[in-house]
Q: 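Structure provided below as structure tokens; questions to follow.
So you know, we letter chains A, B, ... as the sequences are listed, proteins then strands, and number each from 1.
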2 protein chains.
Amino acid sequence: MSEEEQRTEPRGRLSAEDWEQAALDVLAQSGVAAIAVEALARTLGVTKGSFYWHFPTREALLKSAIDRWEQRDEDQVLAQVEPIADPRERLRELFHRVSREVQSHRIYAALLQASDHPLVQPVIERISRRRLALLTDAYREAGFAARDAAHRARLAYTAYSGFLQLNQRHGMPRMDHEEYEAYVDHVITTLVPA
Amino acid sequence: MSEEEQRTEPRGRLSAEDWEQAALDVLAQSGVAAIAVEALARTLGVTKGSFYWHFPTREALLKSAIDRWEQRDEDQVLAQVEPIADPRERLRELFHRVSREVQSHRIYAALLQASDHPLVQPVIERISRRRLALLTDAYREAGFAARDAAHRARLAYTAYSGFLQLNQRHGMPRMDHEEYEAYVDHVITTLVPA
DNA sequence: ACCCAACCATACTTGTGCGTATGGTTGATG
DNA sequence: CATCAACCATACGCACAAGTATGGTTGGGT
């Protein structure tokens, strides 16, 4: 979680997807509340007149953008991790991947912070269930009893969420790259059975 | 984290503290954004005219209320846990206490969710530092090397934050009382050295 | 060349919540 | 019992962001 990413605002006419992408960028950097149609219009070089041609309402944009992200992200995670046969190795890889991604986790963190919003609450719930199930299955395959697997998965997932919460946006004493790597290793050796 | 708590709205004239307490109640249940002066006035049975006698602005109320909570909460935690001599026992007690408190953690969770707010950001930062230091010290006393102690403390604290985030307000598959106890035990045996 | 659908600008209306202005009520105190 | 400070009500003003109404522009197909 070190590099920066930036979208290039499209020149010329816009499509609904352009608005969704712009919304996701703002979401990643400033949270759900910062997604305002006039502000978005400014960054896209147009006015709200354009927006309300593509979407009936701000909520509609939010929904489309978030759904688009959820789809992309979920496919990506599953494709990268599911094929790994050994469950311990799969868990380690999962932790490592998660520790290196940037934009997608920024968005998840932003959604997490706005999880009282009626539109994002079900998204968070779906994602939590899916990822928790992914972890739980891996732990079971790794030899954990059903209950312990569920608990360990929950622990891992809450640690992940809490980390996003406390680091990305503010909060904790920051770590440099080297210490961050050491931390990730510590987490893996603590939470993944040898 | 199972019982409910409720403040009784005071009859008769109000003081600044009454407003602060009401604000904290709303904060615990509905988050920072829900602290609105007209809404608060309604629940207190008065109008905004009253509010602006006690406080110059909404932000001032927020600051006072949060500061009051931070003070109370910090004193309480430290008083209850610091006297325990054995570091492992202290850690276990800490986890258990944290798992049973309600209102104070609701408030912390609410603040966590609003940690991009300029007024709560420094509060979260202070609290994170203090609690992280508390944990780190305990792990060091328990025999961890400096680096490992810091990492384990961070893991424990992020798990705590993430748990609050994902449970209290929404998100994860909910647990009944018995399973919750089992989960806490799992966390303790996983994160506290035997 | 023209025309229509896609796209955008301008100028509104509306709702919400903070803050202000001003005057009324109450209770402790001399 | 009179008075003054503490407390509260009512009625505003104002800013900000969403949404609406309406008309203008642009480009690709015929």
Q: So, the side chain of B/Ser50 versus the backbone of B/Thr47: is there a donor-acceptor pair under 3.5 Å, distance only?
A: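 Side chain of B/Ser50 to backbone of B/Thr47: no pair is present.
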Q: Side chain of A/Val37 only, heavy atoms from C-beta on: which candidate in C/dA9, D/dA18, C/dC18 is closest?
A: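 Closest of the options to the side chain of A/Val37: D/dA18.
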Q: Rounding to an integer number of Å, can you tell me how far B/Lys48 NZ sits from D/dC12 P?
A: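 Going from B/Lys48 (NZ) to D/dC12 (P), I get 13 Å.
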Q: Any side-chain to backbone donor/acceptor pair from A/Arg68 onto A/Glu20? Under 3.5 Å, distance only.
A: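 Checking the backbone N and O of A/Glu20 against the side chain of A/Arg68, no donor-acceptor pair under 3.5 Å is found.
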Q: When the ring centroid of B/Trp19 is compared with that of B/Phe55, is the distance short of 6.0 Å?
A: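 No, the ring centres sit 6.0 Å or more apart.
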Q: Closest heavy-atom contact between A/Ala114 and A/Val32?
A: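 Nearest pair, atom of A/Ala114 first, then A/Val32: CB-CG2, 3.5 Å.
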Q: Looking at the side chain of B/Val46, which of D/dC8, D/dA18, C/dC18 is the nearest nucleotide?
A: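 Closest nucleotide among those given: D/dC8.
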Q: Heavy atoms from C-beta onward define the side chain here; which of D/dT10, C/dA9, C/dC18 lies closest to that of A/Ser50?
A: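 My answer, after comparing the listed nucleotides, is C/dA9.
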Q: For the pair B/Asp18 (side chain) and B/Ser15 (backbone), establish whether a donor and an acceptor sit closer than 3.5 Å, ignoring hydrogens and angles.
A: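 Answer holds: yes.
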Q: To the nearest Å, give me how far apart CD1 (A/Ile35) and P (D/dC16) are.
A: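 Result: 21 Å.
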Q: Given that A/Glu38 and A/Gly49 both sit by DNA chain C, which one's nearest nucleotide is further toward the 5' end?
A: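 The answer here is A/Gly49.
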Q: Please encode protein proximity along nucleotides 23-28 of chain D as a string of B, S and -, counting only heavy-atom distances under 4.0 Å.
A: ----S-
Q: Take the protein atom CZ of A/Arg42 and the nucleotide atom C1' of C/dA9, then report the distance between them rounded to whole Å.
A: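 Rounded to the whole Å, the gap is 15 Å.
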Q: Counting neighbours of CZ on A/Arg140 that are heavy atoms of other residues, nucleotides or ligands and sit closer than 6.0 Å, is the number greater than 12?
A: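 Check fails, neighbour count at 12 or below.
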Q: Can we call the ring centroids of A/Tyr183 and A/Phe163 under 6.0 Å apart?
A: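 Close enough - the centres of the two rings lie under 6.0 Å apart.
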Q: When the distance from CH2 of A/Trp19 to P of C/dC7 is rounded to whole Å, what number comes out?
A: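 Going from CH2 in A/Trp19 over to P in C/dC7 covers 12 Å.
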Q: Is any side-chain nitrogen or oxygen of B/His54 closer than 4.0 Å to OP1 or OP2 of D/dC8?
A: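 So the side-chain polar atoms of B/His54 do come within 4.0 Å of the phosphate oxygens OP1 or OP2 of D/dC8, strictly under.
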Q: Check the pair B/Tyr108, B/Tyr160 against ring-ring contact (aromatic ring centres under 6.0 Å, His included), reporting the backbone distance first and the verdict last.
A: CA-CA 11 Å; B/Tyr108 178 66; B/Tyr160 159 66; 5.7 Å; yes
Q: Of the options C/dC8, C/dA9, D/dA9, whose atoms approach the side-chain atoms of A/Leu14 most closely?
A: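 The answer is C/dC8, which lies nearest to the side chain.
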Q: Between A/Asp18 (CG) and C/dC7 (C1'), how many Å, whole number?
A: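 Value for this atom pair: 12 Å.
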Q: Within this structure, what is the CH2-to-C1' distance between B/Trp53 and D/dT10, rounded to whole angstrom?
A: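 Those two atoms, CH2 and C1', are 19 Å apart.
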Q: Between B/Glu93 and B/Arg90, does any side-chain N to carboxylate O distance fall below 4.0 Å?
A: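 No, this pair does not count.
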Q: Quickly work out the A/Phe55 CZ to C/dC7 P distance and round it to whole Å.
A: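 It is 12 Å, rounded to the nearest whole Å.
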Q: Check DNA chain D against residues 57-68 of chain A and give the residues with a non-hydrogen atom under 4.0 Å, in numerical order.
A: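 Heavy-atom contacts with DNA chain D come from A/Thr57, A/Arg58.
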Q: What is the separation between atom OH on A/Tyr52 and atom P on D/dA17, rounded to the nearest whole Å?
A: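 In whole Å, D/dA17 P lies 12 Å from A/Tyr52 OH.
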